[in-house]
Amino acid sequence: MVTKVKYLILGAGPSGLAFATRLKQLGETSFLLLEKESEAGGLCRSKEVDGAPLDIGGGHFLDVRKTKVVDFLFDFLPKEEWNQFDRISKIRTDRFEIDYPYEANIWQLSTDDQIRHLVSIMNSGSSRDTEMPQKFKDWIIWKLGDVIAQDYMLPYNEKIFSGIDINDLGTYWLYKLPDVSFEAILRSCLTKEPYGNIPAHACFYYPKEHGYGEVFLRVANTIKENLRLDTPVKTIDIETLTVNDEFQGEKVITTIPWHEIVSNQSIPNRIKDNIEKLKYTSVDIAYQSKNEATSAHWTYFPSKQLPYHRALYRHNFIKGAQGYWQEINAARTTDDLTIINHNKYAYPLNTIDKPQAIEEVIDWAKSKSIIGLGRWGEWVHMNSDVAVEKGMLLAESFVRS
Ligand SMILES: Cc1cc2nc3c(=O)[nH]c(=O)nc-3n(C[C@H](O)[C@H](O)[C@H](O)COP(=O)(O)OP(=O)(O)OC[C@H]3O[C@@H](n4cnc5c(N)ncnc54)[C@H](O)[C@@H]3O)c2cc1C
């Protein structure tokens, strides 16, 4: 017998959970979530390792800025159960360590290094107002100067996006990078003060007694009757909106990677081709039991000598915890690391042809009453606060229309 609901939700990560719980808050109860794992939370899940929490999808911190989202999540894990931190993060190159963000803290380097950076920034294409290049590598050098590009941005991006040629990435998403002004950096070096703002997570929350995943477990617990765990989506009949021949929705809200349903016969080849154009990278999470002598919550490692690109010192943000965990692009994982979890789908990639490919997939799906939501449904590298906000807004738009 087929279970019929108004909204069939694929995936119980932050976006699917926020959509579902917001529906319920607004009085709509005809929905069902299908999740392939035995626990909800998606990339935000945590587990206990060596006596303390560890986020198995990478380091996860709740940005304080989206107050509607933060208040929504505090309804499930109350504010008293979170610690608030001012971010301390660092970048360690082969030659030096510097506070993040790099360009704001060049003043911390030796005089020779400051001069090297200043000359490079003064001569960068963007400082000299030359034409903006189209290729990713050229763009980074044009924007930041060759020293920041070669010491940090290019090797870091080559590590985190290992497995693809970084010149296959588009430049349309790089507007997020701050401007690197020669005058502002010169002033910062002379006054020995950082300039500008930290772009994300300048201030963040992390649960006091648990990993980040706890908040989503609590969210899931409020809709447990509408949640089917250990239920991977295998097939979907596009015409009847029936999943695995078992569950049927008037609308399907999909937060799972489109690749998970690409093999379905009823998807036109044109759409399958576009799905194949959507690229992603996988991330492994490794654990190290010893503490590091650092005040940082986390450090970025552009060095190609090291397999990992980020280390998260949980002893600096979880009371009583020891050790730290590392994020490694799975294509760079080495045998000596203690891998705790493999995240097949970690980063949706901003490749040159992504915007058009995902637009065609989403438009086609919408015409079939299948709505793409969240990191994978929209193929956007978004943080969990944004995923939650999108889920909430989508539910509100349906219920109120
Ligand atoms: C390394 C890393 C660090 C990050 N750091 C932060 C941070 O500090 N702060 C922050 O806010 N965000 C951070 N994020 C982003 C955050 O993880 C995402 O924004 C968020 O998880 C997106 O939620 P989602 O529900 O859209 O996707 P996901 O969390 O990926 O959820 C998708 C769900 O679909 C399920 N699924 C997949 N295939 C199937 C199938 N066939 N059938 C059924 N279910 C399926 C998955 O199991 C999963 O539960 C980070 C991400 C990464 C990779």
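In listed order, ligands and their atoms are each counted from 1.
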| request: Please determine if R270 and D273 form a salt bridge, counting it only when a charged side-chain N lies under 4.0 Å from a carboxylate O. | output: no
| field | Interfacing atoms of ligand 1 (cut-off 4.0 Å, heavy-atom, G42) | value | 29 (O), 31 (O), 48 (C), 49 (O)
| query | Going by atom types alone, do E260 and Y345 pair a side-chain donor with an acceptor below 3.5 Å? | reply | yes
| query | Polar-atom distance check: S15 versus ligand 1, any N or O pair below 3.5 Å? | reply | yes
| message | Which residue in the set Y152, Y156, Y300 passes ring-ring contact (aromatic ring centres under 6.0 Å, His included) when paired with Y102? | response | Y152
| note | protein heavy-atom neighbour closest to atom 41 (N) of ligand 1 works out as E260 OE1, 2.8 Å
| request: Might you confirm whether atom NZ of K234 has over 12 heavy atoms from other residues, nucleotides or ligands at distances under 6.0 Å? | output: no
| query | Are V283 and ligand 1 in contact, using a heavy-atom cut-off of under 4.0 Å? | reply | no
| note | With sequence neighbours left out, the residues meeting salt bridge (charged side-chain N to carboxylate O under 4.0 Å, His left out) with E37 are R45
| message | I need the nearest protein heavy-atom contact for atom 31 (O) of ligand 1: residue, atom name and distance, please. | response | G13 CA, 3.5 Å
| request: Say whether R95 and T93, considering side chains only, have a donor N or O and an acceptor N or O under 3.5 Å apart. | output: no
| query | Which ligand 1 atoms are under 4.0 Å away from a heavy-atom of C44? | reply | 17 (O), 21 (O)
| query | Polar-atom distance check: K36 versus ligand 1, any N or O pair below 3.5 Å? | reply | yes
| To the nearest 0.1 Å, how far is atom 13 (C) of ligand 1 from its closest protein heavy atom, and which atom is that? | N383 OD1, 3.1 Å
| remark: So for E327 against ligand 1, with non-hydrogen atoms under 4.0 Å, the contacting part is side chain
| Residues E250, K6: salt bridge by 4.0 Å N-O rule | no
| said: Only heavy atoms of A387, strictly under 4.0 Å: list the atoms of ligand 1 that pass. | reply: 22 (C), 23 (O)
| query | Just going by heavy-atom distances, which of L17, D230, T255 is nearest to atom 32 (C) of ligand 1? | reply | T255
| field | E292 atom CD, over 12 foreign heavy atoms within 6.0 Å | value | yes
| note | closest protein heavy atom to atom 34 (O) of ligand 1 is G11 CA, 3.4 Å
| query | When you check the gap from the basic side-chain N to the acidic O, do E81 and R218 get nearer than 4.0 Å? | reply | yes
| said: Taking salt bridge (charged side-chain N to carboxylate O under 4.0 Å, His left out) as the cut-off, I'd like each qualifying pair that reaches into residues 312-329, sequence neighbours left out, listed once. | reply: R310-E327
| said: For atom 30 (O) of ligand 1, tell me which residue out of F216, W298, F204, W376 has the closest non-hydrogen atom. | reply: W376
| said: Test your reading of the structure: does Y212 have an N or O sitting under 3.5 Å from an N or O of ligand 1? | reply: no
| field | Any N or O of G374 closer than 3.5 Å to N or O of ligand 1 | value | no
| query | For ligand 1, which atoms have a heavy atom of G57 less than 4.0 angstrom away? | reply | 1 (C), 2 (C), 52 (C), 53 (C)
| request: Flag the pair E389 and K68 as a salt bridge only when some basic side-chain nitrogen lies within less than 4.0 angstrom of an acidic carboxylate oxygen. | output: no
| request: Please could you name the atoms of ligand 1 that E37 approaches to less than 4.0 Å, counting only its heavy atoms? | output: 47 (O)
| field | Distance-only N or O hit between ligand 1 and E35, under 3.5 Å | value | yes
| field | Per atom 42 (N) of ligand 1, closest listed option by heavy atom (V388, V386, V233, I256) | value | V233
| Closest protein heavy atom (residue, atom, distance) for atom 16 (C) of ligand 1 | H60 NE2, 3.4 Å
| query | Out of G59, S38, G377, P14, who gets a non-hydrogen atom closest to atom 20 (C) of ligand 1? | reply | P14
| query | Does an N or O anywhere in L43 fall below 3.5 Å from an N or O of ligand 1? | reply | yes
| field | Nearest non-hydrogen protein atom, atom 11 (O) of ligand 1 | value | S384 OG, 2.5 Å
| message | Between H297 and F204, is the ring centroid distance below 6.0 Å? | response | yes
| request: Select one of side chain, backbone, both or neither to describe which atoms of Y347 lie under 4.0 Å from any atom of ligand 1, heavy atoms only. | output: side chain
| remark: Nearest non-hydrogen contact to atom 8 (O) of ligand 1 from the set F19, Y280, F61 belongs to F61
| message | With a heavy-atom distance limit of 4.0 Å, tell me whether L34 approaches ligand 1 through its side chain, its backbone, both, or neither. | response | backbone
| request: Flag the pair R22 and E28 as a salt bridge only when some basic side-chain nitrogen lies within less than 4.0 angstrom of an acidic carboxylate oxygen. | output: no
| Do H259 and W379 make the cut of ring centroids closer than 6.0 angstrom? | yes
| message | Using a plain distance cutoff, I'd like to know if M382 has any nitrogen or oxygen under 3.5 Å from a nitrogen or oxygen of ligand 1. | response | yes
| Taking everything shown except E97 itself, do over 12 heavy atoms lie less than 6.0 Å from its CD? | yes
| field | Ion pair check, D168 and K279, cut-off under 4.0 Å | value | no
